[in-house]
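Below is one structure, written out as structure tokens; the observations come after it.
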Amino acid sequence: MKILIIHPKFYIYGGAELVIVRLANYLSKNNIGCAILTTEMLPQVKEELINTEVITVKPPEIRPRDLAEFIALRRKVKELSGRFDVLNPHNYPAQLSLIFSHKPNVWLCNEPTDIAVGASVKGSLLIRIVRYFFIVLDRFTVKRFIRKAVVADESNRMRFKANYGFNPHIIPYGIDYDFFSQPQNDVEIKGLDIKGGFILLQVGTITEFKNQLRSLEALKKLKDEISGIRLVLAGWGDGLYMKKLQNYIESNSLSNDVIITGHLNKYDLRKLYWRADLLLHPIKPQGGWLAPFEALCAERPVVVSPEMTASEIIKV
């Protein structure tokens, strides 16, 4: 038995990437052959893989990026499919690489394509046409060529069923309790001033779906109520949404009260959980499963939005 795991790019080491690393290592430890197909992989991710072949393909120089990834991954899947018994796509547009493939497959669907792409997309007319094409292509591919799919919760099951017409399996994400529950006496992180004061923390890639603006709004309201309060946004981001956050920070005189860390390794992230006084998680209905549970492992209180797909579990 050999399994080909397909993921478009490992440009951050987030929740989806962690799931893939754990899956690949589990397969390797149980003598099940596996390889990972991607367009790029961080050295940190590669270092944690155990006996896993990494196959990297270079996308063509075209835009948008997801079109380039789709073309590169599809070509390579067609070339490699004879070597593998099961195909296992993960994040969009990996599932599209299975179009016209009749190999057994399981899609680990972290988010349906309309969430990944955006049902209403800003940009030029050409970009909007291309992205609408992807949504149509996604419906066709999943309905015709995806054999089984997995989602993390009931909310995503209903969204998946509405999009594709069949029920996926529900397998909630595992949380690394043994790692994040280890008390951290030393919470210093190189380059970050997180000593003293009341620390609000939000963890995740800085995007509109993660909704960091809402945490900034909370900080603004609490600034006069809690002395020394600061907000740490632990994640990487760029582009228009990052500029929107920076404008909000500057226009509301929050520059001295906000720390944006960029991408952190899991050891520094664990320190942050143990340093924080409260985790904010105002996420919209996309991804974001791990952070609140990791914070709970570190005995931190959490506040999540009702839109978070695991909010009912948190509530309990």
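Residue numbers start at 1 and run along the sequence shown. Worth saying up front: this structure is predicted, and the values here are computed from it rather than measured.
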Item to complete: Identify whether the distance between the nearest side-chain nitrogen and carboxylate oxygen of E154 and K161 falls below 4.0 Å.
Response: no

Item to complete: May I ask you to say whether K266 pairs ionically with D268, meaning some side-chain N is under 4.0 Å from a carboxylate O?
Response: no

Item to complete: Measure from the ring center of H102 to the ring center of F145 and say whether it is less than 6.0 Å.
Response: yes

Item to complete: May I ask you to check whether W236 and Y11 place their ring centres under 6.0 Å from each other?
Response: yes

Worksheet entry | Partner set under salt bridge (Lys or Arg N to Asp or Glu O under 4.0 Å) for E69, not counting sequence neighbours | K9, R65

Worksheet item: For R147, what residues pass the salt bridge (Lys or Arg N to Asp or Glu O under 4.0 Å) criterion, not counting sequence neighbours?
Response: none

If you round to the nearest 0.5 Å, how far is [atom2] of [Y] from [atom1] of [X]?
{"X": "R22", "Y": "L49", "atom1": "CZ", "atom2": "CG", "answer": "11.5 Å"}
{"X": "L18", "Y": "I20", "atom1": "CG", "atom2": "CD1", "answer": "9.5 Å"}
{"X": "D85", "Y": "L4", "atom1": "CG", "atom2": "CG", "answer": "11.0 Å"}
{"X": "I199", "Y": "R300", "atom1": "CD1", "atom2": "CZ", "answer": "12.0 Å"}
{"X": "R75", "Y": "F70", "atom1": "CZ", "atom2": "CZ", "answer": "10.0 Å"}
{"X": "C109", "Y": "Q95", "atom1": "SG", "atom2": "CD", "answer": "7.0 Å"}

Worksheet item: Per the side chain to side chain contact (heavy atoms under 4.5 Å, CB included) rule, which among L137, V136, I129 passes with F133?
Response: L137

Fill in: side chain to side chain contact (heavy atoms under 4.5 Å, CB included) evaluation trace for Y13 with H263
CA-CA 8 Å; Y13 198 170; H263 184 65; 3.5 Å; yes

Worksheet item: Going through the distances and angles, do Y267 and F179 end up as a ring-ring contact (aromatic ring centres under 6.0 Å, His included)?
Response: CA-CA 9 Å; Y267 300 98; F179 179 81; 5.4 Å; yes

Determine whether [X] and [Y] make a side-chain contact, defined as any pair of heavy atoms from C-beta on separated by less than 4.5 Å.
{"X": "M308", "Y": "P292", "answer": "yes"}
{"X": "I314", "Y": "L296", "answer": "yes"}
{"X": "I229", "Y": "D257", "answer": "no"}
{"X": "L254", "Y": "L219", "answer": "yes"}

Closest non-hydrogen atom pair between [X] and [Y], with its separation:
{"X": "V86", "Y": "N105", "value": "CG1-CA, 4.2 Å"}
{"X": "K148", "Y": "I146", "value": "O-CG2, 3.4 Å"}
{"X": "V150", "Y": "P168", "value": "N-CB, 4.3 Å"}
{"X": "M242", "Y": "G237", "value": "CE-O, 3.3 Å"}
{"X": "L231", "Y": "L201", "value": "CD1-N, 4.4 Å"}
{"X": "L278", "Y": "P301", "value": "CD1-O, 3.4 Å"}

Worksheet item: Between K143 and Y164, is NZ or CZ placed under 6.0 angstrom from the six-membered ring centre and within 45° of the ring axis?
Response: no

Do [X] and [Y] belong to the same hydrophobic cluster, where Ile, Leu, Val, Met, Phe, Trp and Tyr are linked whenever their side-chain heavy atoms lie under 4.5 Å apart, directly or via other members?
{"X": "V21", "Y": "V19", "value": "yes"}
{"X": "V187", "Y": "L264", "value": "no"}
{"X": "L233", "Y": "I283", "value": "no"}
{"X": "F293", "Y": "F180", "value": "yes"}
{"X": "L108", "Y": "I36", "value": "yes"}

Backbone N or O of [Y] within a donor-acceptor pair of the [X] side chain at under 3.5 Å?
{"X": "H281", "Y": "G288", "result": "yes"}
{"X": "W107", "Y": "N88", "result": "no"}
{"X": "W274", "Y": "Q182", "result": "yes"}
{"X": "T141", "Y": "D138", "result": "no"}
{"X": "T52", "Y": "I50", "result": "yes"}
{"X": "Q212", "Y": "E208", "result": "no"}
{"X": "T38", "Y": "T56", "result": "no"}
{"X": "N211", "Y": "K284", "result": "no"}
{"X": "K103", "Y": "S81", "result": "yes"}

Under a plain distance cut-off of 3.5 Å, with no hydrogens placed, do [Y] and [X] share a side-chain donor-acceptor pair?
{"X": "Y173", "Y": "D153", "value": "no"}
{"X": "E299", "Y": "Y273", "value": "no"}
{"X": "R159", "Y": "N156", "value": "yes"}
{"X": "Q44", "Y": "N265", "value": "no"}

Practice prompt. Go through Y26 and N30 one step at a time and tell me if the side chain to side chain contact (heavy atoms under 4.5 Å, CB included) criterion holds.
Written response: CA-CA 6 Å; Y26 174 85; N30 286 276; 3.4 Å; yes

Verify the neighbour count for atom [atom1] of [X]: are there more than 12 heavy atoms of other residues, nucleotides or ligands below 6.0 Å?
{"X": "L240", "atom1": "CG", "answer": "no"}
{"X": "R74", "atom1": "CZ", "answer": "yes"}
{"X": "F140", "atom1": "CZ", "answer": "yes"}
{"X": "N167", "atom1": "CG", "answer": "yes"}

Worksheet entry | Selection residues 190-207 - residue pairs positive for side chain to side chain donor-acceptor pair (under 3.5 Å), sequence neighbours left out | E188-K195, Q202-S215

Discussion item. Give me each pair satisfying side chain to side chain donor-acceptor pair (under 3.5 Å) with a member in residues 241-256, each pair once, sequence neighbours excluded.
Written reply: K220-N252

Worksheet entry | Residues which pass side-chain contact (heavy atoms from CB on, under 4.5 Å) with Y177, listed by chain and number, not counting sequence neighbours | S181, C297

Item to complete: Please report the C-alpha distance between D277 and R275 in whole Å, then the side-chain angles of each, then the deciding distance to 0.1 Å, and finally whether the salt bridge (charged side-chain N to carboxylate O under 4.0 Å, His left out) criterion is met.
Response: CA-CA 7 Å; D277 295 286; R275 169 61 186 92; 3.6 Å; yes

Fill in: Working for side chain to side chain contact (heavy atoms under 4.5 Å, CB included), residues I259 and I194
CA-CA 9 Å; I259 299 171; I194 54 174; 4.2 Å; yes

Fill in: side chain to side chain contact (heavy atoms under 4.5 Å, CB included) evaluation trace for I260 with L245
CA-CA 11 Å; I260 300 177; L245 297 186; 5.7 Å; no

Discussion item. Once ring pair (Phe, Tyr, Trp, His ring centres under 6.0 Å) is applied, do any residues pair with F166, and if so which ones, sequence neighbours excluded?
Written reply: F160

